[in-house]
Amino acid sequence: MHLQRVATSLAGLLGVSKPALTPRQFEPDSSVYVDADTGLTFASYTSDRSIIFRVAIPNIIPADLIYDTVLQIVAPIDVGWAGFAWGGHMTYNPLGITWANGKEVVLSPRIAYGYYSPPVYTGSHYTVVKKGTHVNATHFQVTAKCTGCSSWGDESIGISNIDPEYQTTLASAYGNTKVDTPADVQSTFGIHDSLGHPIYDLAVAKNADFAKKVAALAAGETP
């Protein structure tokens with residue numbers, strides 16, 4: 001049903017996750033959303049736990065498909081942690097795991113290799129945007145630029161990437177139990193209570209002057 005753009009036999013044997021890409025012939029699970037806080041346009045998906053996962057991208061995508069993205073997650077305050085997988089599965093691809101720590105929000109880059117707490121991933125980097133990050137009585141929200149989330153892997157296992165010209169199956173998850181050490185970005189946490197694989201149409205998430213806008217937001221300015 002889904003057409004894989006990139007595949008290698010070794011990656012398949014290792015179970016390395018690659019985003020499933022489809023022509024625009026299915027109704028996506030995401031919809032367009034314009035964020036009042038940041039001014040960015042996102043492809044937005046809401047899970048059955050009422051957790052919102054949003055992605056914004058540049059309007060000009062380079063041929064090598066290496067580009068920065070913006071991830072925004074909004075979760076009910078009683079959610080222990082929420083996670084997003086750029087490869088469409090929870091293993092062998094960049095993850096963003098977020099949770100509330102009092103009045104602060106933690107966003108941790110991870111990569112999972114099995115059914116245990118995933119270690120911190122050094123292949124991607126999140127820059128949190130304060131203007132789109134907060135905690136209130138009902139929800140916590142994080143907005144961050146990710147460098148290293150549109151393309152990952154190496155020659156031994158194959159290179160995976162996200163091509164917004166195709167619909168893309170991404171993945172989301174959450175745990176109802178709080179992480180073990182909320183103040184620690186490297187905290188361990190339990191297995192997810194639910195996992196989803198929404199189809200995103202990232203073509204609607206393109207933003208003109210993306211780099212300039214995101215740089216301004218990261219500096220605490222209004223783009």
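From a predicted model like this one, the values you see are computed outputs, not experimental measurements.
Among residues two or more places apart in sequence or in another chain, the salt bridge (charged side-chain N to carboxylate O under 4.0 Å, His left out) test is passed with R110 by none. A search for salt bridge (charged side-chain N to carboxylate O under 4.0 Å, His left out) contacts involving D78 returns R49, not counting sequence neighbours. By the ring-ring contact (aromatic ring centres under 6.0 Å, His included) test, H197 is found to be paired with H89, residues two or more places apart in sequence or in another chain being considered. Here D64 pairs with nothing under the side-chain hydrogen bond (donor to acceptor under 3.5 Å, both in side chains) rule; sequence neighbours left out. Judged as a side-chain hydrogen bond (donor to acceptor under 3.5 Å, both in side chains), and not counting sequence neighbours, the contacts of S44 are R54. With sequence neighbours excluded, the residues satisfying side-chain hydrogen bond (donor to acceptor under 3.5 Å, both in side chains) with D68 are T147. Applying the ring-ring contact (aromatic ring centres under 6.0 Å, His included) criterion to Y126, with sequence neighbours excluded, gives no partner residue. Taking K130 as the reference, nothing meets the salt bridge (charged side-chain N to carboxylate O under 4.0 Å, His left out) condition, with sequence neighbours excluded. The side-chain hydrogen bond (donor to acceptor under 3.5 Å, both in side chains) check on K212 picks up nothing, with sequence neighbours excluded.
The two residues Y174 and I51 come nearest to each other via the heavy atoms CB-CD1, 3.5 Å. Across all non-hydrogen atoms, the minimal contact from P58 to K206 is O-CG, 3.5 Å. Nearest heavy atoms, W81 versus V179: CB-CG1, 4.0 Å. In terms of heavy atoms, V120 sits closest to V185 at CG2-O, 4.4 Å.
For NZ of K131, the number of neighbouring non-hydrogen atoms (other residues, nucleotides, ligands) closer than 6.0 Å is 12 at most. For CD1 of I77, the number of neighbouring non-hydrogen atoms (other residues, nucleotides, ligands) closer than 6.0 Å is greater than 12.
The distance from atom CG of L65 to atom CG of D163, rounded to the nearest 0.5 Å, is 5.0 Å. Rounding to the nearest 0.5 angstrom, the gap separating the CG atom in L170 from the OH atom in Y200 is 6.0 Å. In this structure, the separation between CG on D209 and CG on N207 is 9.5 Å, given to the nearest 0.5 Å. To the nearest 0.5 Å, atom CH2 of residue W152 and atom CD1 of residue I66 are 11.5 Å apart.
Pairs engaging residues 87-200 under the disulfide bond (SG atoms under 2.5 Å apart) rule: C146-C149 [sequence neighbours left out]. Among residue pairs with one or both ends in residues 175-194, none qualify as salt bridge (Lys or Arg N to Asp or Glu O under 4.0 Å); sequence neighbours excluded. Sorted by first and then second residue, the disulfide bond (SG atoms under 2.5 Å apart) pairs with a member in residues 192-223 form an empty list; sequence neighbours excluded.
Taking the six-membered ring where tryptophan is involved, the planes of H192 and Y115 are tilted, since the angle between them lies from 30° to 60°.
V105 pairs in a side-chain contact (heavy atoms from CB on, under 4.5 Å) with only one of the listed residues (T98, T143, I73), which is T98. Under the side-chain contact (heavy atoms from CB on, under 4.5 Å) rule, F189 has a single partner from T181, T177, I97, which is I97.
Side-chain contact between P28 and Y45: absent, with no pair of heavy atoms (C-beta onward) separated by less than 4.5 Å. Counting only heavy atoms from C-beta outward, the side chains of Q141 and D37 approach each other to under 4.5 Å. For the pair T41 and Y33, the minimum side-chain heavy-atom distance is 4.5 Å or more. Under the 4.5 Å side-chain criterion, counting only non-hydrogen atoms from C-beta, V70 is in contact with F42. Side-chain contact check for Y113 versus T91: every heavy-atom pair is 4.5 Å or farther apart.
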Can you check side chain to side chain contact (heavy atoms under 4.5 Å, CB included) on S151 and I159, steps first, answer last?
-> CA-CA 7 Å; S151 182; I159 302 297; 3.7 Å; yes
Before giving the answer on side chain to side chain contact (heavy atoms under 4.5 Å, CB included), spell out for L95 and Y121 the whole-Å C-alpha distance, their side-chain angles and the decisive distance to 0.1 Å.
-> CA-CA 8 Å; L95 310 178; Y121 179 53; over 6 Å; no
